[in-house]
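Just so it is clear, the model here is predicted, and its values are computed rather than measured.
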Amino acid sequence: MLILNKTAGVFSKPSKRNMYEFLRSFNFRPGKRFLHKLVLGIETSCDDTAAAVVDETGNVLGEAIHSQTEVHLKTGGIIPPVAQQLHRENIQRIVQEALSASKVSPSELSAIATTIKPGLALSLGVGLSFSLQLVDQLKKPFIPIHHMEAHALTIRLTNKVEFPFLVLLISGGHCLLALVRGVSDFLLLGKSLDIAPGDMLDKVARRLSLIKHPECSTMSGGKAIEHLAKQGNRLHFDFKPPMQHAKNCDFSFSGLRHIIDKMIMQKEKEEGIEKGQILSSAADIAAAVQHTVACHIAKRTHRAILFCKQRDLFCQSNAVLVVSGGVASNLHIRKALEIVTDATQCTLLCPPPRLCTDNGVMIAWNGVERLRAGLGILHSTEGIRYEPKCPLGADISKEVGEAAVKVPRLKMKI
């Protein structure tokens, strides 16, 4: 019997008959042999239904994804029951498309890897339920995946990166800095104390009503801010980066968001427009907000690099900073981080944009990494749970704060 956290609620499992019919639909010729182990990855932690098949050498054999962005743009944000229903409607098709594209029969899989933490409870439940039925029918090993671990390890699929390395994960739901010492060995240096940067940018975009802007109507909030910022002058507004006197690697974005809200309200009064109309200064606000977020992220990352170097936590001559997550595709933030890595003689690496956002490839690859290392491979799924909230690695953020590493001022000419 599947045991769930109380926060999860109840969800319906696909019937055994439906799963049997699903597996029967694969009519590839028997006898095809693969030289390498194959992992099916399934991702439903938030608002993307994704699946992929990856072999142990890193070849992506097939992938498929269904994005819910258009639906959630209309509702002004992600509504968990809506996301859950869309996952239910699409998961079988997406897995089928990934397997069909890979020309891999389900029986040829070596294991099934699925995101089980952290994320939206209702969304995680859909992916876990479907995966457990698949595992039960196929009698294959199951590899539970930590969503943030998958983001962190994606770079090892696209680049030759050895442990240890520093990772900055920035997205709509997460913001953290960690030292990656192994496949499941992380030291957490700092995290957001409130909301994530992507969430803040989305909220500012909604407050500015950018969905009504003709150039931004089909863009997510973060993309709309980045697009409009190119037309604006950030010097017209002076927002101070948060936590300037806190000598740690933690982040905070909610206070900045409230300051921006007040500024928008003030500008609406000055321009004599109502909430919901677009300000003439919207582009300037977008530019100033984006730059302030970039400076805040850059300074905390700078301190993390200096802390790791002082403690000899990674190779001095070949230090690597990996930046991943949806917000990592923001070029202004990336340029700010380039200034930091240039100043600290670090190499900055980012997965390609399509692998920065949630996808099935990173889950399958994380499964491959764990399969090769012999870590967390389950042959019995009894008692498996999904965890909406789950930290990553061992938290040494207090130690980082106590070190109070001084960060030299850098000119952020972007």
Side-chain angles (χ1 to χ4, degrees), residues 43-50 65-87 90 94 115 119-120 123 147-148 151 154 168-175 192 194-232 251 253-254 256-257 260-261 264 276 278-279 282-283 285-294 297 323-336 350-362:
E43 156 65 24
T44 64
S45 67
C46 190
D47 62 336
D48 288 315
T49 313
I65 188 166
H66 177 267
S67 174
Q68 302 177 7
T69 301
E70 196 173 322
V71 173
H72 298 306
L73 271 175
K74 292 174 183 175
T75 57
I78 297 170
I79 300 171
V82 174
Q84 178 193 42
Q85 184 57 36
L86 290 170
H87 282 308
N90 291 286
I94 290 299
T115 307
L120 299 176
S123 294
H147 185 76
M148 305 315 290
H151 270 305
T154 302
L168 168 67
L169 300 177
I170 42 176
S171 67
H174 305 278
C175 183
S192 176
D194 36 65
I195 61 175
D199 185 27
M200 196 213 84
L201 292 172
D202 285 346
K203 285 180 166 66
V204 172
R206 282 202 294 275
R207 183 63 186 82
L208 287 169
S209 303
L210 296 189
I211 196 168
K212 295 179 182 178
H213 194 288
E215 295 177 22
C216 306
S217 60
T218 60
M219 296 179 181
S220 64
K223 288 291 183 188
I225 292 286
E226 183 177 11
H227 176 79
L228 211 56
K230 293 171 186 174
Q231 305 167 24
F251 304 83
F253 298 96
S254 62
L256 176 61
R257 182 196 151 209
I260 293 162
D261 280 351
I264 293 171
I278 297 174
L279 288 165
I285 294 171
V289 169
Q290 178 178 252
H291 187 71
T292 306
V293 169
I297 290 171
V323 185
S324 191
V327 179
S329 61
N330 181 295
L331 295 180
H332 192 87
I333 292 173
R334 200 178 286 195
K335 285 175 184 174
C350 304
R354 71 182 188 87
L355 295 181
C356 279
T357 52
D358 294 350
N359 61 87
V361 172
M362 72 178 192

Report yes if some heavy atom in the side chain of [X] is under 4.5 Å from a heavy atom in the side chain of [Y]; otherwise report no.
X	Y	answer
Glu215	Gln231	yes
Glu226	Leu201	no
Arg354	Ile65	no

Minimum heavy-atom separation for [X] and [Y], please, with both atom names.
X	Y	result
Phe251	Ile297	CE2-CA, 3.9 Å
Leu208	Ala282	CD1-O, 4.3 Å
Cys356	Pro351	SG-O, 3.4 Å
Ser45	Asp358	OG-OD2, 4.0 Å
Asp48	Ser67	OD1-CA, 3.3 Å
Gly276	Lys212	O-NZ, 2.8 Å

Applying side-chain contact (heavy atoms from CB on, under 4.5 Å) to Val323 and Arg334, what does each step give before you reach the verdict?
CA-CA 8 Å; Val323 185; Arg334 200 178 286 195; over 6 Å; no

Look at the rings of His151 and His147 and say which category their plane angle falls in: under 30° parallel, 30 to 60° tilted, over 60° perpendicular.
perpendicular

Donor-acceptor pair, distance only, cut-off 3.5 Å: does the side chain of Gln68 make one with the backbone of Ala83?
yes

Please answer whether the main-chain N or O of Cys46 pairs with a side-chain N or O of Ser123 as donor and acceptor at a distance below 3.5 Å.
yes

How many angstroms lie between [atom1] in [X] and [atom2] in [Y], if you round to the nearest 0.5 Å?
X	Y	atom1	atom2	answer
Met362	Glu43	CE	CD	5.0 Å
Thr115	Met148	OG1	CE	11.0 Å
Leu210	Ile278	CG	CD1	6.5 Å
Thr154	Leu355	OG1	CG	6.5 Å
Leu120	His87	CG	NE2	7.5 Å
Leu169	His174	CG	NE2	9.0 Å

Taking side chain to side chain contact (heavy atoms under 4.5 Å, CB included) as the definition, give me every residue that meets it alongside Lys230, ordered by chain and number, with sequence neighbours left out.
none

Sequence neighbours left out, what passes salt bridge (Lys or Arg N to Asp or Glu O under 4.0 Å) with Asp194? Give chain and number order.
none

Taking salt bridge (Lys or Arg N to Asp or Glu O under 4.0 Å) as the definition, give me every residue that meets it alongside Asp199, ordered by chain and number, with sequence neighbours left out.
Lys203

Given the rule in the side-chain contact (heavy atoms from CB on, under 4.5 Å) test, do Leu86 and Thr49 qualify, once you have shown the distances and angles that lead to the verdict?
CA-CA 8 Å; Leu86 290 170; Thr49 313; 5.8 Å; no

